[in-house]
Amino acid sequence: MTLGRKCDGYDSTFPRLRCFDFFKLHSWAGGLTVFADGRNQVCPSEAVNAYYAAALLGLAYGDVHLVAAASTIMSLEIHASKMWWQVKEDNVMYPKDFTAKNRLVGVLWSTERDSCLWFGDKEWKECRLGQQLLPLIPVSEVFFSDVKFVKQLVKWTLPALKRDCVKDGWKGFVYALESVYDKYEALQKIRGLHEFDDGNSLSNLLWWVHSRD
């Protein structure tokens with residue numbers, strides 16, 4: 001993996017950075033498609049996880065080029081996530097009516113942004129939050145380093161957990177972010193969970209909560 005044009009073993013048959021867009025600074029899940037609104041991306045956190053893993057692989061093998069390239073792309077993905085997906089209360093990039101109703105973008109398209117997800121309604125706010133956080137890993141704290149925004153996001157999401165049939169797996173991600181500013185309240189809620197998402201686990205969630213300041 002390299003950011004340069006040539007390297008040993010480079011195969012020009014494949015894109016150098018697969019679906020990463022150097023103009024938008026994030027990856028596209030759909031690539032080049034026939035959707036009317038162009039390419040799309042839902043979960044920048046999954047792309048961050050991929051490049052985080054690549055950087056760790058580079059460290060394990062002593063490949064400084066892989067570490068540098070993966071770390072750079074990971075940092076750009078995080079920057080893009082904060083810019084395009086995270087909608088702060090004082091956001092001025094999106095229309096006022098959208099900002100008033102949303103703390104997160106659901107699906108980001110080449111030409112528009114949706115509140116909904118592919119599999120869920122815009123009111124499924126716990127899913128929208130989880131899609132931006134999973135899998136819960138050490139670098140996730142960089143994703144959500146703005147505690148003020150985290151408070152806004154959790155406050156926006158918590159009422160959605162009162163709906164019928166909200167799965168515990170999604171609740172776990174909400175409580176993970178709540179623990180950023182209220183560890184003990186979040187821990188009490190986590191103790192009441194009976195299942196965890198594939199991008200999380202009880203031991204992983206407890207590690208996260210107890211490693212918050």
Side-chain angles (χ1 to χ4, degrees), residues 18-21 24-52 77-89 91 93-137 139-140 143-144 146 149-178 180 189 193 195-201 204-205 208:
R18 196 167 178 266
C19 51
F20 184 80
D21 186 331
K24 292 290 189 179
L25 303 182
H26 65 78
S27 298
W28 293 105
L32 296 175
T33 68
V34 294
F35 288 113
D37 294 312
R39 295 171 291 181
N40 70 86
Q41 175 68 312
V42 179
C43 309
S45 60
E46 293 179 344
V48 168
N49 181 55
Y51 291 113
Y52 177 67
E77 290 272 10
I78 292 173
H79 175 76
S81 176
K82 292 182 176 183
M83 178 169 63
W84 296 110
W85 277 270
Q86 297 183 10
V87 186
K88 299 178 181 180
E89 291 179 355
N91 181 283
M93 185 171 68
Y94 292 121
K96 290 183 179 180
D97 59 337
F98 182 83
T99 299
K101 298 176 182 178
N102 295 276
R103 295 283 74 81
L104 292 169
V105 170
V107 181
L108 185 71
W109 296 84
S110 299
T111 58
E112 69 165 358
R113 74 282 174 279
D114 281 342
S115 298
C116 300
L117 297 170
W118 284 103
F119 62 90
D121 186 77
K122 62 183 180 181
E123 297 305 323
W124 294 17
K125 296 177 181 179
E126 75 286 353
C127 296
R128 293 170 64 182
L129 181 150
Q131 289 277 274
Q132 301 300 315
L133 183 57
L134 62 83
L136 191 63
I137 54 177
V139 77
S140 299
F143 241 130
F144 292 94
D146 186 337
F149 171 69
V150 169
K151 290 181 178 180
Q152 294 174 6
L153 176 56
V154 173
K155 179 181 178 181
W156 173 79
T157 308
L158 282 175
L161 302 187
K162 297 178 182 179
R163 299 189 337 272
D164 293 336
C165 302
V166 175
K167 295 184 177 180
D168 280 3
W170 293 111
K171 292 180 182 180
F173 292 114
V174 181
Y175 301 152
L177 286 188
E178 187 175 17
V180 170
K189 295 176 180 178
L193 298 178
E195 63 179 7
F196 302 89
D197 185 77
D198 292 341
N200 201 6
S201 67
N204 190 56
L205 195 50
W208 170 271

Polar side-chain atom of Asn91 near backbone of Met93 as donor-acceptor pair, under 3.5 Å:
yes

Distance-only, no hydrogens or angles: does the Thr157 side chain make a donor-acceptor pair with backbone N or O of Leu153 under 3.5 Å?
yes

Looking at Phe35 versus Trp28, is the centre-to-centre ring distance below 6.0 Å?
no

Quick check: does any side chain N or O of Trp124 sit under 3.5 Å from a backbone N or O of Val166, one acting as donor and the other as acceptor?
no

Listed by chain and number, what are the ring-ring contact (aromatic ring centres under 6.0 Å, His included) partners of Trp85, not counting sequence neighbours?
His26

With rounding to the nearest 0.5 angstrom, report the CG to CG distance, Leu108 to Asp114.
9.5 Å

Please list all pairs meeting salt bridge (Lys or Arg N to Asp or Glu O under 4.0 Å) that have one or both residues in residues 122-135, counting only residues at least two apart or in different chains.
Glu126-Arg163

Heavy-atom closest pair, residues Ile137 and Trp208:
O-CZ3, 3.7 Å

Does any part of the side chain of Phe98, heavy atoms only, come nearer than 4.5 Å to the side chain of Arg113, both counted from C-beta?
yes

Scanning both residues in full, the closest heavy-atom pair of Trp170 with Gln131 reads CH2-NE2, 3.7 Å

Kindly indicate whether the side chain of Asn200, heavy atoms from C-beta on, has any atom under 4.5 Å from the side chain of Leu134.
no

Nearest 0.5 Å please: distance from the CZ atom of Arg103 over to the OG atom of Ser115.
11.0 Å

For Gln152 and Lys88, which heavy atoms make the closest approach, and how far apart are they?
OE1-CA, 3.7 Å

In terms of heavy-atom contacts, Leu133 and Leu177 come closest through CD2-CG, 3.9 Å

Mind checking the NZ-NZ spacing from Lys171 to Lys189? Nearest 0.5 Å is all I need.
10.5 Å

For the pair Asn40 (side chain) and Val107 (backbone), establish whether a donor and an acceptor sit closer than 3.5 Å, ignoring hydrogens and angles.
no

Using only atom types and a distance under 3.5 Å, with no angle test, would you say the side chain of Gln132 pairs donor to acceptor with the backbone of Val42?
yes

Check step by step if side chain to side chain contact (heavy atoms under 4.5 Å, CB included) holds for Arg39 and Asp21.
CA-CA 11 Å; Arg39 295 171 291 181; Asp21 186 331; 3.4 Å; yes

Hey, are the side chains of Pro44 and Trp84 touching, using non-hydrogen atoms and a 4.5 Å cut-off?
no

Around atom NZ of Lys82, are there more than 12 heavy atoms from other residues, nucleotides or ligands closer than 6.0 Å?
yes

Could you check whether any side-chain heavy atom of Tyr175 comes within less than 4.5 Å of a side-chain heavy atom of Leu205, counting everything from C-beta outward?
no

Output yes when a side-chain donor or acceptor of Gln86 lies under 3.5 Å from a complementary backbone atom of Phe143, and no otherwise.
yes

Taking the side chain as C-beta and beyond, is there a heavy-atom pair between Phe144 and Val180 under 4.5 Å?
no

Find the distance between SG (Cys43) and CG (Leu117) and round it off to the nearest 0.5 Å.
8.0 Å

Nearest non-hydrogen partners of Val154 and Glu178, listed with the distance
CG2-N, 3.9 Å

Could you check whether any side-chain N or O of Gln41 sits under 3.5 Å from a backbone N or O of Ser27, counting only pairs where one atom can act as donor and the other as acceptor?
yes

Is any side-chain heavy atom of Asn102 less than 4.5 Å from a side-chain heavy atom of Tyr94?
no

Could you measure the distance from the CG atom of Asn49 to the OG atom of Ser140? Nearest 0.5 Å is fine.
8.0 Å

